[in-house]
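Below is one structure, written out as structure tokens; comments come after it.
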Protein chains: 2
Amino acid sequence: MQTTKPRHDATEGTDAAVGTRDRIVRAAARLLQRQGYEGTGIKQIARDAEATLGSVYHFFPGGKQELAVAAIQHGEREFSDILRAGLAAADDPAEAITACTRLLADSLRESDWMDGCPVAATALETVGRAPDIQQACAEAIGHWTELVTEKLRGGLDEDTARDLACAAISTLEGAELTAQVLRSEEPLLTAGRHLARLIRTYE
Amino acid sequence: MQTTKPRHDATEGTDAAVGTRDRIVRAAARLLQRQGYEGTGIKQIARDAEATLGSVYHFFPGGKQELAVAAIQHGEREFSDILRAGLAAADDPAEAITACTRLLADSLRESDWMDGCPVAATALETVGRAPDIQQACAEAIGHWTELVTEKLRGGLDEDTARDLACAAISTLEGAELTAQVLRSEEPLLTAGRHLARLIRTYE
DNA sequence: ACAGCGCTAGAGCGAACGCTCTATCCGTTA
DNA sequence: TAACGGATAGAGCGTTCGCTCTAGCGCTGT
């Protein structure tokens, strides 16, 4: 398609002409999020990214698995952005977590319940069968937990903050799954309310 | 394979010679749980069930989707059994929920982190694309929520019990996913502890 | 002007996919 | 014993899968 300008800088993505590699990763990330690993074909990714099979295998000689790892890492960054935005919405950690659930509920509803957690579907069907992908998913979860831990560190001792953050990420993950399946934002909002209540028991 | 005895009674399954239909459903349920919908082929199901393709399409003329619905319903019953066992382990609801997480953690570890929630993987990759399957998954989640709600109804008003049960199921779902990906029972046990603490705030 | 190279382009490989189809087996009835 | 129908058996259909491979594009440096 259109010629690519960027040289060694891969962190770009401002406007119109995004590099081919980036378009491939983005398309892969969205498809993996919506239909999982096995349900997504390389040719479909190439078509969606307006790239060709040749380009895909040029940038990802490791094939589908290598591309999936890059896509999961991209999804991790996207989800981190949402999480950071929610956590920054209030000083009080309890309110901040509730803000996260509201953000997630909004984006889920707006996508007609299609765009849930960017790694969950892929993670579940590759667990124990594709170590590279599983590790990328594990790192994503670890990173998200770290973000929440940082927010909770004010006023709580380190171990408590970590523990609570782990429970919070699990709950967010499960509530998003439930909300998608039931096509309702209620599970997410309910999870937000109860997480806030739980956090307040530590004050 | 061996000839099938049972006539109209489909609830059997005691020993050795299980009916062909049952073997197919069981094999499908375990494969869907481990590798999701798209990752599981009909021929693999038939092979695992020691049945033939002809038998599969004889019992499930609706093809893969109809079989998946039956498999999800089977998984729902299995998970309900675990849940019921955990909930019956203690009178105190908080302790009972913790018992559930311990049961789930045990069975997850014993299966080398392979057997997580029986519907999660399939649910996530068929959401918005296979209404029959999605509805079966939604009914499973609804049923599990109902089981927890019943346990919580003692001492809590109806709405609170329902709400709390919804949050609990979301948390269990997410904690199991996290535990699988991280290959650690910690997320499940942490979720159990915090769920217990949350429930106790209502006493 | 002309190599050199990063990237695009897509035909085509063997294998596996979901599913259809016909043929046969065998316990139950008449 | 003969006929019937539920159940089993698997070859084979058309399609798609992940991936390989060769050809050619256009930009860069000399």
Side-chain angles (χ1 to χ4, degrees), chain A residues 1-10 12 17-28 31-32 34-71 122 125-126 129-130 132-133, chain B residues 1-10 12 17-28 31-32 34-71 122 125-126 129-130 132-133:
Chain A
M1 294 297 127
Q2 67 259 52
T3 27
T4 61
K5 316 274 279 315
R7 187 43 16 95
H8 20 41
D9 191 349
E12 268 317 314
V18 185
T20 304
R21 202 196 118 103
D22 256 37
R23 289 203 317 279
I24 294 171
V25 171
R26 283 166 202 235
L31 288 170
L32 287 190
R34 295 187 172 194
Q35 17 185 24
Y37 184 75
E38 301 288 354
T40 303
I42 296 251
K43 284 174 182 169
Q44 186 186 6
I45 293 172
R47 206 181 317 123
D48 276 33
E50 295 185 285
T52 65
L53 218 45
S55 300
V56 174
Y57 282 96
H58 170 75
F59 288 112
F60 303 95
K64 198 183 185 185
Q65 294 209 9
E66 184 183 343
L67 172 53
V69 168
T122 302
E125 56 186 345
T126 59
R129 305 164 61 228
D132 308 355
I133 301 175
Chain B
M1 293 296 124
Q2 66 262 54
T3 27
T4 62
K5 315 275 281 313
R7 188 41 22 91
H8 19 40
D9 192 350
E12 266 319 311
V18 185
T20 305
R21 201 196 119 104
D22 256 36
R23 289 203 317 277
I24 293 171
V25 172
R26 283 165 202 237
L31 288 170
L32 286 189
R34 296 187 171 192
Q35 15 185 18
Y37 183 75
E38 302 287 355
T40 303
I42 296 253
K43 285 174 182 169
Q44 186 187 5
I45 294 172
R47 206 181 317 124
D48 276 34
E50 294 185 284
T52 65
L53 218 45
S55 299
V56 173
Y57 281 96
H58 170 76
F59 289 111
F60 303 95
K64 198 183 185 184
Q65 294 209 7
E66 185 184 342
L67 173 53
V69 169
T122 302
E125 56 184 346
T126 59
R129 304 165 63 229
D132 308 355
I133 300 174

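The basis for the numbers below is simple: all heavy atoms, side chains too, and nothing from hydrogens, waters or symmetry mates. Proteins get letters first, then strands, A, B, ... in listed order; numbering begins at 1 in each.
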Got a donor-acceptor contact below 3.5 angstrom from the [X] side chain to the [Y] backbone?
| X | Y | value |
| --- | --- | --- |
| B:K64 | B:G41 | no |
| A:R26 | A:A49 | no |
| B:S55 | B:A51 | no |
| B:E125 | B:Y37 | yes |

Which whole-number value in Å describes the distance from [X] [atom1] to [N] [atom2]?
| X | N | atom1 | atom2 | value |
| --- | --- | --- | --- | --- |
| B:E50 | D:dA7 | CD | C1' | 17 Å |
| B:R21 | D:dT8 | CZ | C1' | 16 Å |
| A:F59 | C:dA9 | CZ | P | 11 Å |
| A:I24 | C:dT8 | CD1 | C1' | 10 Å |

Working to the nearest 0.5 angstrom, can you tell me the gap between A:I24 CD1 and A:T52 OG1?
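Here the rounded value is 7.5 Å.
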
Hey, does the side chain of B:S55 come within less than 4.0 Å of D:dA7's phosphate (OP1/OP2), counting only N and O?
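The answer is no; no side-chain N or O of B:S55 sits under 4.0 Å from OP1 or OP2.
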
Check whether any side-chain nitrogen or oxygen of B:T20 sits under 4.0 Å from OP1 or OP2 of D:dT8, and answer yes or no.
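For D:dT8, OP1 or OP2 has a side-chain N or O of B:T20 closer than 4.0 Å.
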
A:V69/A:F60 under side-chain contact (heavy atoms from CB on, under 4.5 Å): CA gap, chis, key distance, verdict:
CA-CA 10 Å; A:V69 168; A:F60 303 95; over 6 Å; no

Go through the steps to decide whether B:R129 and A:R34 satisfy the test side-chain contact (heavy atoms from CB on, under 4.5 Å), and finish with yes or no.
CA-CA 10 Å; B:R129 304 165 63 229; A:R34 295 187 172 194; 5.9 Å; no

Under a 4.5 Å cut-off applied to non-hydrogen side-chain atoms, are A:L67 and A:F59 in contact?
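The answer is no; the side chains never approach within 4.5 Å.
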
Terminal helix-axis angle for the helix from C:dA1-D:dT30 to C:dA30-D:dT1, with five pairs defining each axis and rounding to 10 degrees
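For the helix from C:dA1-D:dT30 to C:dA30-D:dT1, the axes at either end differ by 0°.
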
Could you run through nucleotides 14-25 of chain C and give me one letter per nucleotide, 5' to 3': B if any protein heavy atom sits under 4.0 Å from the base, S if only the sugar-phosphate is that close, - if neither?
----BBB-----

